Chemist: 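Below you'll find the structure I mean.
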Amino acid sequence: MLNLALTHTIPTPEGPRPLHVELALSPGERLALYGPSGVGKTTLLRLIAGLARPDQGRIAFGDTVWCDTGRRVHAPARERRVGYVFQDYALFPNMRVRDNLAFAQPTPNRNRLDELLALTRLAPLAERYPHQLSGGQRQRVALARALAQEPQLLLMDEPLSALDPALRVALREEIDEILHTVQLTTVIVSHDLGDVFRLAHRVAVLEPGKVAALGTPRDVLLPPTPGGRHALSGTVLAIEPADVLWRVTVAIGNDTVATLSADVDQLRIGAPVAVQLNGSSAVLQPA
Amino acid sequence: MIALQAADIQPFWLTLKLATITTMVLIVLAIPLARWLAFGRSPLRPIVETLCNLPLVLPPTVLGFYLLVSFSPVSFTGRWLQDVLGLKLVFTFSGLVIGSVIFSLPFMLQPLVAAFRQLPSNLIDAARTLGKTEGTILTRVILPNARAGLLSGTVLAFAHTVGEFGVVLMLGGGVTGDTQVASIALYRKVEALDYAGAHSYALVLVSFAFVVLLLLRLIQSRHETRPC
């Protein structure tokens, strides 16, 4: 569906550095671009959307070539039908929520607009301006607007990074449900493991200059055996049965820790958790 | 002392006509120019912006002098304008409009460019990903969100045209009924030692300037309290 192979110079604190990326997404797949800040995740989204041109390479969606530097082909952003959820949401301040969505529609369709408002639980806020909304509400408007244009590909740039942790968990689940409903091919940029495990089918781990790993979040990011460095707080990434106990994987900073727990009733994937060191094992409590 | 004769009203009408036409021409000219200066990538932008802003620091008589020389029928450009386009621009109202447009351009351009540059670039990128043309982006996204700059520029350009003196005197010559605007009429009254008449013109112009500045302040404070 989406195929790209490109090289593009990324400005880094150590000077310009070329990033080489080859990726292929199948229809309906959700891919996370995961990696530290400044590695080129947002730049890659902008290249896919047509908001920037790669130094070299090719981007194609289905049979349509969006960009091919060798043949001097570059379809402008407006021709690509790509839904883009910006990190700062980029809602039009002069338009009400409903108008933001209506502006995005390729042809006016009131019923479809009402459906989207209902899907994203924005119907009661439809007549408000963006500055009258909370961060979480703006995020939902940004997603609804991207969907209103009936895109063939959805791009989300750090969709939850501006939100506080509690809201982030709730909204992450909402976005997961919405993406499940719309079944769009989606690329999500995040440096948060909770986002990656909850929202993505596959993850491409970006390191300076390259894609360091590509696969399911479980294969790429989870440690093979229980253990690892323990810290005091983290995010639940996975809960799975392990004989009479549960194996719980937690993100602590940029590391992952797998440990065994007897009680997981109050733990949720993507939720914050307190990890208390207790001899050779760890006790997990919802934070 | 402050009673104006019917004949004395005429310069005010001429001033309003000149300011209105100049402002309308400037709106049409300055919007695409400001957009190019704010969002374009050409390395020529600083040079063009500096040229457009020259009237801010030039004595008006300098600009008026160069325009007079350029438009004069004895010059190459003046002869070309007259022979090819049939335009006579020295001591005519059309010449005044052109001189006023050039002289008031920075007063319209500066607030517009500043307002455009304050817009988050993601707003324009978002509109592009939504499939919008550059024209739609200008009319539906950029201008509505930069309306305080557009209003300020319009008011300033209009007011500045009303207050012009040097350019209109040099290029217009102060021909009664054709190019004698209020500021020139005031000058002529003083020359004729008619201080009562001069007072009348001066008072109207001062009142107008006060109202304009008050209006600008209200526009700015409204923009500060209501983000959009």
Side-chain angles (χ1 to χ4, degrees), chain A residues 42-43 45-53 66 75-96 99-107 128-133 138 141-158 162 187, chain B residues 27 30-32 34-36 38-43 45 111-155 218-228:
Chain A
T42 296
T43 303
L45 279 200
R46 293 178 60 82
L47 293 172
I48 296 171
L51 296 171
R53 294 176 188 232
W66 281 347
R78 69 170 181 273
E79 291 176 8
R80 298 194 185 190
R81 270 184 57 214
V82 168
Y84 198 129
V85 179
F86 289 82
Q87 188 172 4
D88 62 359
Y89 314 134
L91 302 178
F92 302 120
N94 57 315
M95 300 181 198
R96 297 171 194 271
D99 299 330
N100 262 279
L101 270 59
F103 184 63
Q105 288 188 308
T107 48
R128 290 200 190 172
Y129 285 99
H131 73 270
Q132 298 171 317
L133 302 175
R138 286 181 203 184
V141 178
L143 177 57
R145 187 183 65 181
L147 298 175
Q149 71 172 119
E150 295 164 24
Q152 45 188 354
L153 174 70
L154 182 64
L155 306 176
M156 303 178 82
D157 188 4
E158 300 278 8
V187 181
Chain B
I27 289 174
I31 287 174
R35 182 183 182 160
W36 180 72
F39 305 122
R41 291 181 183 170
S42 168
R45 284 184 303 151
L112 260 186
V113 172
F116 285 3
R117 283 185 177 146
Q118 275 180 355
L119 291 178
S121 61
N122 275 353
L123 278 190
I124 294 159
D125 283 343
R128 286 189 178 130
T129 63
L130 294 175
K132 304 304 171 190
T133 61
E134 295 302 309
T136 304
I137 293 171
L138 179 68
T139 53
R140 298 287 307 276
V141 177
I142 295 176
L143 286 178
N145 289 303
R147 62 177 184 269
L150 181 60
L151 272 175
S152 299
T154 305
V155 172
L218 292 175
I219 290 170
Q220 283 163 355
S221 58
R222 188 164 177 263
H223 182 64
E224 282 159 15
T225 50
R226 285 187 52 198
C228 278

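Worth saying up front: this structure is predicted, and the values here are computed from it rather than measured. Naming: A, B, ... by sequence-line order, numbering from 1 per chain.
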Chemist: Quick one: what part of A:R145 sits under 4.5 Å from any heavy atom of chain B, side chain, backbone, both or neither?
Modeler: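 For A:R145, the contact with chain B is made by backbone and side chain together.
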Chemist: Who wins among A:A104, A:A142, A:A148, A:P130 for the most heavy-atom pairs under 4.5 Å with chain B?
Modeler: A:A104
Chemist: With a 4.5 angstrom heavy-atom cut-off, is it the side chain or the backbone of A:F103 that approaches chain B, or both, or neither?
Modeler: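 When you check distances to chain B, atoms from both the backbone and side chain of A:F103 fall under 4.5 Å.
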Chemist: Quick one: pull up CZ in A:R78 and OG1 in B:T136 and give me the separation to the nearest 0.5 Å.
Modeler: 9.5 Å
Chemist: Mind checking the CD-CG spacing from A:Q87 to B:N122? Nearest 0.5 Å is all I need.
Modeler: 9.0 Å
Chemist: Kindly compute the distance separating OG1 (B:T129) from CZ (A:F86), expressed to the nearest 0.5 Å.
Modeler: 5.0 Å
Chemist: For B:R140, is there any backbone N or O sitting under 3.5 Å from a side-chain donor or acceptor partner on A:N94?
Modeler: yes
Chemist: Answer with side chain, backbone, both or neither: which region of A:F92 has an atom nearer than 4.5 Å to a non-hydrogen atom of chain B?
Modeler: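 Its backbone and side chain both get close to chain B.
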Chemist: So how far is it from A:M95 CE to B:N145 CG, rounded to the nearest 0.5 Å?
Modeler: 7.5 Å
Chemist: Examine whether an atom of A:Q105 lies under 4.5 Å from a heavy atom of chain B, and if so say whether it belongs to the side chain, the backbone or both; otherwise answer neither.
Modeler: backbone
Chemist: Go through the atoms of A:L155 and report whether side chain, backbone, both or neither lie under 4.5 Å from a heavy atom of chain B.
Modeler: neither
